[in-house]
Amino acid sequence: HPVCLCVCARSGDCRQARRAKAQARQQQGRLTMSGVQVAFHFNAVDPLGYTCRLLNKAVGRRARLVVCAPPAELNRLDQLLWLFQPLSFLPHARADSPEHVRARSPVWLCTHLSGDEPADVLVNLTSETPVGYERFNRLIEVVSTLEQDRYLARQRWKAHVANGHTPDYFDVGKVSA
């Protein structure tokens, strides 16, 4: 059954709501042939902090994820994942980590997709949709409150719609504040 990755988790019916929404999309034929579920998480005041919380929740549910980000953000995210929780860390590996480290890591960090990432979920922090995103079951686009990021996200949204996707919209500013 699908992995619920929303951060709010305030209500007990969250998983049920997502399941019903996915069934409705399938019935309406809104999923593309590739089957990628695209979601935009808008208004992230602190996109890297939000991504840490998202990854933490997903890893707790045994999901495997890939995070694409520009090099500077990737370095900051790498550090945050070590410091995110005071008594533990989120296991993760960079694309250039040794194979034995990557094999045991539920989260991969990269600047672009290489094609061999063993994950179902792609979290995008870049200004463009990564080439090869179609291989994943889910694509989560994390968008900050900056106007330039929002503009670029709207362009990606339009491209996803043109490709036959019906993206989901989550206003995370209400839950990440």
Side chain proximity check, L109 to E73, heavy atoms < 4.5 angstrom: no
4.5 Å side-chain heavy-atom contact, L113 and F136: yes
Side-chain heavy atoms of C110 within contact of V66, under 4.5 Å: yes
A159 backbone acceptor or donor facing N163 side chain under 3.5 Å: yes
Closest contact, heavy atoms only, L74 versus V67: CD1-O, 4.2 Å
Which atom of P91 lies closest to which atom of P106, heavy atoms considered: O-CD, 3.5 Å
R76, CZ atom: more than 12 neighbouring heavy atoms under 6.0 Å: no
Transitive ILVMFWY side-chain link V161 to Y151, under 4.5 Å: no
R135 side chain reached by L122 side chain, heavy atoms, under 4.5 Å: no
S97 backbone acceptor or donor facing R102 side chain under 3.5 Å: yes
CD (E128) with more than 12 external heavy atoms under 6.0 Å: no
Among W82, F84, W108, the one residue meeting ring pair (Phe, Tyr, Trp, His ring centres under 6.0 Å) with H92: W82
Trace of the side-chain contact (heavy atoms from CB on, under 4.5 Å) decision for R138 with L65: CA-CA 10 Å; R138 292 191 69 190; L65 304 98; over 6 Å; no
Distance, nearest 0.5 Å, that separates CG of D149 from OG1 of T126: 10.5 Å
Heavy-atom pair of closest approach, residues L139 and N124: CD1-CB, 4.1 Å
Distance, nearest 0.5 Å, that separates CG of L146 from CG of L152: 10.5 Å
Under 3.5 Å donor-acceptor, Q155 side chain and A153 backbone: no
R64 side chain to S105 backbone, donor-acceptor under 3.5 Å: yes
Spacing of CZ belonging to R61 relative to NZ belonging to K57, to within rounding of 0.5 Å: 4.5 Å
Check: L54 and H41 side chains under 4.5 Å, non-hydrogen atoms: yes
T51 side chain near L80 side chain, heavy-atom distance below 4.5 Å: no
Non-neighbouring partners of E141 that pass salt bridge (Lys or Arg N to Asp or Glu O under 4.0 Å), sequence neighbours left out: R156
Mutual orientation of the aromatic rings belonging to F40 and H160 [parallel < 30°, tilted 30-60°, perpendicular > 60°]: perpendicular
Side-chain cluster (under 4.5 Å, hydrophobic types only) that V131 belongs to, other residues: none
S144 OG to L125 CG distance, which is reported to the nearest 0.5 Å: 10.0 Å
Passing candidate, side chain to side chain contact (heavy atoms under 4.5 Å, CB included) with Y50, options V172, N43, V143, V45: V172
Plane angle bin for Y133 and H165 - parallel if under 30°, tilted between 30 and 60°, otherwise perpendicular: tilted
Taking every non-hydrogen atom, the tightest pair across P70 and T111: C-CG2, 4.5 Å
Within-4.5 Å side-chain heavy-atom neighbours: V142 and L48: no
